[in-house]
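Heads up: the structure comes next, in structure tokens.
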Number of protein chains: 2
Amino acid sequence: MTERQPDSTAATGDVPSRKRLGKNGDGAERHDAIYRSISDAIIEHRLKPGARLREDALADVFGVSRTGIRKILQRLALEQLVTLTPRRGASVTRPTADEAKDVFDARQMVECGLMPATARHMTPDDASALRDMARREREALRAGEQSTAIKLSAAFHERLAQLSGNATLAEFVARLCSRSSLILAVYGNPGHLGCESHDHDELIRFLEAGDGERAAAFMSRHLKAIEASLSIVEEEEEVPDLQRIFSG
Amino acid sequence: MTERQPDSTAATGDVPSRKRLGKNGDGAERHDAIYRSISDAIIEHRLKPGARLREDALADVFGVSRTGIRKILQRLALEQLVTLTPRRGASVTRPTADEAKDVFDARQMVECGLMPATARHMTPDDASALRDMARREREALRAGEQSTAIKLSAAFHERLAQLSGNATLAEFVARLCSRSSLILAVYGNPGHLGCESHDHDELIRFLEAGDGERAAAFMSRHLKAIEASLSIVEEEEEVPDLQRIFSG
DNA sequence: CTGTCGCGATGCGTATACAATAGCCGATAT
DNA sequence: ATATCGGCTATTGTATACGCATCGCGACAG
């Protein structure tokens, strides 16, 4: 690992050139960039649930040592995007049906509860920025770029929570959105993306009008619709219970 | 670091003797125990906000290398119990007034919102266990053991959230309770502990009766009372704005 | 006497090396 | 032919070593 990879376009494309990364300089920023690369890859379903993430491979790809990778992997594990099994390494988390229910219940409570505050704090600039995001999401969806659409949809919900002014809850919502993306990857029907095309625009309209109550009600329906579109079948993960299966 | 500290009573008192920690054995459990030791020390105000946590010192005290300590410190940082500044090391987080408001607003939303589900799921056993916790908390408070009382109070709220059945939200509440403990350490008035003596018993009564609505209302008042008991004065942390002060 | 520069020490950030474990494949015995 | 046992390899977990930044103190110049 003493030689540098001359091409830094290996992984996700946004590795910061090779700005004299001799020893330090942008160490922290670099790690953050790697974190975001992996996180994005998971959220965009470029890394599918169950995919193994070997430390050596990641260290090699990003040109840092395993130490840094481990740190990032642990952070991802704490956010429940990856699962760390004691001697088996890291893999992209495969949410269970129970977790999926918990996550969507939590989103119901928090995102809806945040709507009034968001409606209060929203400025015309915020509204137009949100509209732009919704538009880009629609375009991505139309162009068949699922990855982009998924990320934009999550970003939209995150932004909404940020506008409420409560940083703690906004961060929590961000976490829930990431996990929702994972849930969609496992239980979602292909082709039937989570958020309906014009739901987000409708939501913006309520918020713009300062009607937090109606926005909350709409958000509730919106989330229920997403959850209802999932096909949660539980996959029969555990021991197949041969007794029961072959009892005939 | 090759010799063992013969006295293991140095730090928090529950370092697990020196059970032949030759190389591995209970590595993961050990780290978890260390994590809990530090976490508890912070929550119980044995480590006060602003206290510096040097890696070498912790590594020495617990008899592991800095590597393990770093991992634990990062986990604590992600939970916002300690603050990691790039080259200055770790210190116990000192919450700002804004953060305090966010945390209590979040608790209002989530803890109150969880009450109906908790009321639905509560069994007589749960109720008696909760009563026991409340009793022990009262006793600790009466005996002047602030540390114990603080921890028990946080544990009570955490347990309530767990009973709701939503693991995701329960974990979030646990995090919020930890941070609340930190907030009490900074902004709380000495002697006037957060939770009033009999509030928790009252809450149990509502929940036992299955009256989630009333429990939520009571929880709301309860949290408001705690927040109101704080003296948030903002401490003038940032640059003291010498211009303004000496403008006369 | 004061302000600035330089030196030394402390402590974090990163990489590398070593050790242990779990899964896998092949060999052998029944 | 198959099942079981043993060794091997691959991969993680932990510790240690090294480099660099920052902070505090002292000396020297003005």
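Labels below follow one simple rule: chain letters A, B, ... track the order of the sequence lines, proteins then strands, and each chain is numbered from 1.
Between the CG atom of Leu73(B) and the P atom of dG11(C) there is a distance of 14 Å, given to the nearest Å. Look at CG on Asp60(A): it is 12 Å from P on dT16(C), rounded to the nearest Å. Between Leu84(A) atom CG and dG13(D) atom P the separation is 7 Å, expressed in whole Å. Nucleotide dA15(D) holds its P atom 14 Å from the CG atom of Leu58(B), rounded to whole Å. As rounded to whole Å, 10 Å separates atom P of dT14(C) from atom CD1 of Ile34(A). Across the protein-nucleic acid pair, Arg52(A) atom CZ and dA22(C) atom C1' stand 11 Å apart, rounded to whole Å. Taking atom NZ of Lys71(A) as the reference point, atom P of dC12(C) lies 13 Å away to the nearest angstrom. Phe62(B) has its CZ atom 18 Å from the C1' atom of dA15(D), to the nearest Å.
Remark: Arg70(B) is in phosphate contact with dG13(C), judged by side-chain N or O atoms under 4.0 Å from OP1 or OP2. Look at His31(B) and you won't find any side-chain N or O under 4.0 angstrom from OP1 or OP2 of dG13(D).
Among Glu44(A), Glu137(A), Glu158(A), the single residue meeting the salt bridge (charged side-chain N to carboxylate O under 4.0 Å, His left out) criterion with Lys151(A) is Glu44(A). A side chain to side chain contact (heavy atoms under 4.5 Å, CB included) with Thr168(B) is found for exactly one of Asp98(A), Val103(A), Asp105(A), namely Val103(A).
Comparing Ala90(B) and Arg66(A) by the nucleotide of DNA chain C whose heavy atom lies nearest to each, the residue mapping closer to the 5' end is Ala90(B).
The Arg88(B) side chain lies nearest to dT22(D) when the options are dG13(C), dT22(D), dT14(D). Distances from the side chain of Thr67(B) to the nucleotides dT14(C), dC12(C), dA15(D) place dA15(D) closest.
The residues Arg75(B) and Asp32(B) are annotated as salt-bridged, a charged nitrogen and a carboxylate oxygen being separated by less than 4.0 angstrom.
Without hydrogens or angle criteria, Arg136(B) side chain to Ala149(B) main chain gives no donor-acceptor distance under 3.5 Å.
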Inset, instruction - Start with the C-alpha gap between Arg46(A) and Ser147(A), add the side-chain angles, then the distance that decides, and say whether side chain to side chain donor-acceptor pair (under 3.5 Å) holds. - result: CA-CA 7 Å; Arg46(A) 292 196 47 218; Ser147(A) 299; over 6 Å; no
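Arg54(B) comes within 4.0 angstrom of sugar-phosphate atoms only, judged by non-hydrogen atoms across all strands, and of no base.
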